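Keep in mind that what you see is a predicted model, and the values were worked out from it rather than measured.
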Amino acid sequence: MAPSLDDESSLFNFVVRDGNGVKGIVDSGISKVPRPYIQPPAEQINKKNASKCEIPPIDLSKLDGPEHDEVANQIVRAAETLGFFQVVNHGVPIQLLDSLKQIAHNFFGLPAERKAVYRKEVSPSPLVKYGTSFVPEKEKALEWKDYISMGYTNENEALQQWPMECRDVALQYLKTSHEMVKKLLDVLMANLGVELDDSNIDAFIGKKMVNMNFYPTCPNPELTVGVGRHSDMGTLTILLQDGIGGLHVKVPEIIDMEKKEEWVEIPPIPGALVINIGDMLQIWSNGRYKSAEHRVRTTSTKSRVSIPIFTSPQATQKVAPLPQVIEKDGIAHYREFLFSDYMNSFFGNAHDGKKSLDFAKIN
């Protein structure tokens, strides 16, 4: 039984405290979106306004052959422009990707009390958090999304602490994608004059997290967002989309495309993974690489899942533009900071485009 949709505190308790999530509201049989989820008109997404991104996926298997330089250039160009690209032949088995989508649906289909044990306030593990929206207490309008977040320290802790319903498949996803992440980072860092090896790679991707996101069907998708406008705070995000779509990326002003400052939809490609440049790569590159501003629309037809892996430095890592880049540029556009301080700023505010980078900008 859902609460009164007009009473915000009882709605909040039902969704957040009791672990029902947005899925619980939808399952109660609502015919209209509750007021706290209605976005201001400027944030509402008109899907007719977004064109499809027509850039073909990058074939990562060619990095190991005679076309290495050409493929490396494609990766660099994507990082310098849109900040988003798709990859195929990435080494993560397609069967595993299909299992991930099924496992995500299974997890969110569990009874509310089974999921509620992982709420931030009560979770038995600091590595696991189940929630809804982004920072509900800070947002003017809530996001139409539920999620489970699983932080990775080592395999033993993951096996002991991640939810048993999804831990094995999620862990496999993390492990089998590691080689691909290293290859991508290798290319991007080599272009900045930095050589990656086992001694320094943790400075860039020492912290990893697997999320499973669930976007329930929505009676008024034009009024809501699945995720508001933001860029990711870390290094690289690897994202598995299902076939439904809804991921939109903003075309930056600076790139030579016809649709500047407009949104393009990243269409799902069977077997592909989406790669997303995060804020840390923008900072290390002194602004050459662009973290991508993106958002997710909702749909009335089918519930959607997506499964990102977030890679970032460890909390204690100092971050600043790389000396090799500053030497070429002659000036640093970002100051040095501890990654933990950046995280606190990022999670202390509602999503608001790329304002997260203001924390580190030198004016």
Side-chain angles (χ1 to χ4, degrees), residues 1-51 108 112 115-116 119-120 129-149 211-232 241-242 244-250 261-266 293-306 346-356:
M1 178 67 188
S4 158
L5 299 186
D6 300 320
D7 178 358
E8 287 194 26
S9 70
S10 74
L11 180 74
F12 191 83
N13 287 340
F14 175 82
V15 172
V16 178
R17 189 196 62 199
D18 301 340
N20 289 286
V22 180
K23 184 177 185 297
I25 309 179
V26 175
D27 289 349
S28 72
I30 57 160
S31 57
K32 63 174 187 174
V33 167
R35 198 169 58 78
Y37 290 91
I38 297 177
Q39 295 289 326
E43 300 300 328
Q44 292 171 10
I45 302 173
N46 182 344
K47 68 176 184 179
K48 295 189 184 78
N49 288 352
S51 54
F108 291 102
K115 295 177 283 191
R119 280 191 310 112
K120 183 170 72 173
K129 180 185 162 192
Y130 165 75
T132 187
S133 201
F134 177 59
V135 204
E137 58 280 7
K138 292 280 177 92
E139 290 163 338
K140 294 190 183 98
L142 299 170
E143 297 173 340
W144 197 259
K145 175 188 87 165
D146 302 327
Y147 68 89
I148 181 87
S149 175
N211 274 29
M212 290 185 165
N213 299 325
F214 185 75
Y215 305 96
T217 53
C218 179
N220 314 99
E222 69 287 353
L223 301 178
T224 58
V225 298
V227 183
R229 298 177 296 110
H230 72 289
S231 53
D232 290 348
Q241 295 202 79
D242 63 13
I244 292 161
L247 174 63
H248 289 214
V249 180
K250 194 172 195 180
E261 285 288 277
E262 291 189 18
W263 294 87
V264 292
E265 182 160 359
I266 307 292
E293 184 175 342
H294 56 290
R295 64 188 184 184
V296 175
R297 69 170 171 83
T298 58
T299 172
S300 59
T301 50
K302 221 173 182 185
S303 294
R304 173 179 183 260
V305 292
S306 70
F346 187 85
F347 287 111
N349 296 286
H351 282 147
D352 190 6
K354 289 185 66 167
K355 280 205 178 152
S356 49

Asker: Please check if the side chain of Glu265 supplies one atom and the backbone of Gly246 the other of a donor-acceptor pair under 3.5 Å.
Answerer: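 Yes: the side chain of Glu265 pairs with the backbone of Gly246.
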Asker: Heavy-atom distance under 4.5 Å between the side chains of Phe108 and Ile148, does that happen here?
Answerer: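 Result yes, sub-4.5 Å side-chain heavy-atom pair found.
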Asker: Would you mind listing every salt bridge (Lys or Arg N to Asp or Glu O under 4.0 Å) that reaches into residues 216-230, with sequence neighbours excluded?
Answerer: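 Salt bridge (Lys or Arg N to Asp or Glu O under 4.0 Å) check on residues 216-230 returns Glu43-Arg229, Arg229-Glu293, Arg229-Asp352.
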Asker: So, using side chain to side chain donor-acceptor pair (under 3.5 Å) as the criterion, who are the partners of Asn211 when residues are at least two apart?
Answerer: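 Partners of Asn211 by the side chain to side chain donor-acceptor pair (under 3.5 Å) criterion, ordered by chain and then number, come out as Ser149.
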Asker: Ser303 and Asp242: which non-hydrogen atoms are nearest, and at how many Å?
Answerer: O-OD2, 4.2 Å
Asker: Using side-chain contact (heavy atoms from CB on, under 4.5 Å) as the criterion, list what pairs up with Thr299, not counting sequence neighbours.
Answerer: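 Applying side-chain contact (heavy atoms from CB on, under 4.5 Å) to Thr299 gives Ile244, Arg297, Thr301.
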Asker: Who pairs with Asn220 by side chain to side chain donor-acceptor pair (under 3.5 Å), at least two apart in sequence or on another chain?
Answerer: none
Asker: With rounding to the nearest 0.5 Å, note down the distance linking OH in Tyr147 to OH in Tyr130.
Answerer: 10.0 Å
Asker: Rounded to the nearest 0.5 Å, what separation is found between the NZ atom of Lys23 and the OG atom of Ser28?
Answerer: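 Spacing of NZ (Lys23) from OG (Ser28) equals 11.0 Å.
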Asker: Any side-chain heavy atom of Trp144 sitting closer than 4.5 Å to one from Val33?
Answerer: yes
Asker: Do Ile45 and Arg295 have side chains that get closer than 4.5 Å, going by heavy atoms?
Answerer: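 A side-chain contact under 4.5 Å exists here.
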Asker: Report yes if some heavy atom in the side chain of Thr217 is under 4.5 Å from a heavy atom in the side chain of Ser300; otherwise report no.
Answerer: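 The answer is no; the side chains never approach within 4.5 Å.
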Asker: Kindly give the heavy-atom pair with the smallest separation between Ile38 and Ala141, and that separation in Å.
Answerer: O-CB, 3.4 Å
Asker: Rounded to the nearest 0.5 Å, what separation is found between the CH2 atom of Trp263 and the NZ atom of Lys250?
Answerer: 6.0 Å
Asker: So Val296 and Lys145, do their side chains get closer than 4.5 Å, heavy atoms only?
Answerer: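 With C-beta onward as the side chain, the pair stays apart.
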Asker: Is the shortest heavy-atom distance from the side chain of Leu247 to the side chain of Ser306 under 4.5 Å?
Answerer: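 A side-chain contact is absent here, since even the closest heavy-atom pair is not under 4.5 Å.
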Asker: Look only at the side chain of Arg304 and the backbone of Gly245, and say whether a donor-acceptor pair between them is shorter than 3.5 Å.
Answerer: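 Judged by distance alone, yes, a pair lies under 3.5 Å.
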Asker: Within a reach of under 6.0 Å around NZ of Lys354, are more than 12 heavy atoms found that belong to other residues, nucleotides or ligands?
Answerer: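 Atom NZ in Lys354 is crowded, with more than 12 foreign heavy atoms closer than 6.0 Å.
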Asker: Closest approach of Phe346 and Ser231, non-hydrogen atoms and distance?
Answerer: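 So the two residues come closest at CE1-O, 3.4 Å.
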Asker: Please identify each residue that fulfils side chain to side chain donor-acceptor pair (under 3.5 Å) with Lys115, with sequence neighbours left out.
Answerer: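 Checked Lys115 against side chain to side chain donor-acceptor pair (under 3.5 Å); zero matches.
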Asker: Dump the intermediate steps for side chain to side chain contact (heavy atoms under 4.5 Å, CB included) on Tyr215 and Val227, then the final yes or no.
Answerer: CA-CA 9 Å; Tyr215 305 96; Val227 183; 3.3 Å; yes
Asker: Rounded to the nearest 0.5 Å, what's the gap from OG1 on Thr132 to CD1 on Ile25? Could you check?
Answerer: 7.5 Å
Asker: For His294, check ring-ring contact (aromatic ring centres under 6.0 Å, His included) against everything at least two apart and list the hits.
Answerer: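 Per chain and number, His294 pairs via ring-ring contact (aromatic ring centres under 6.0 Å, His included) with Phe84, His230.
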Asker: Is a side-chain N or O of Gln44 found less than 3.5 angstrom from the main chain of Gln39, in a donor-acceptor match?
Answerer: yes
Asker: Side chain of Asp146, backbone of Val22: donor and acceptor closer than 3.5 Å?
Answerer: yes
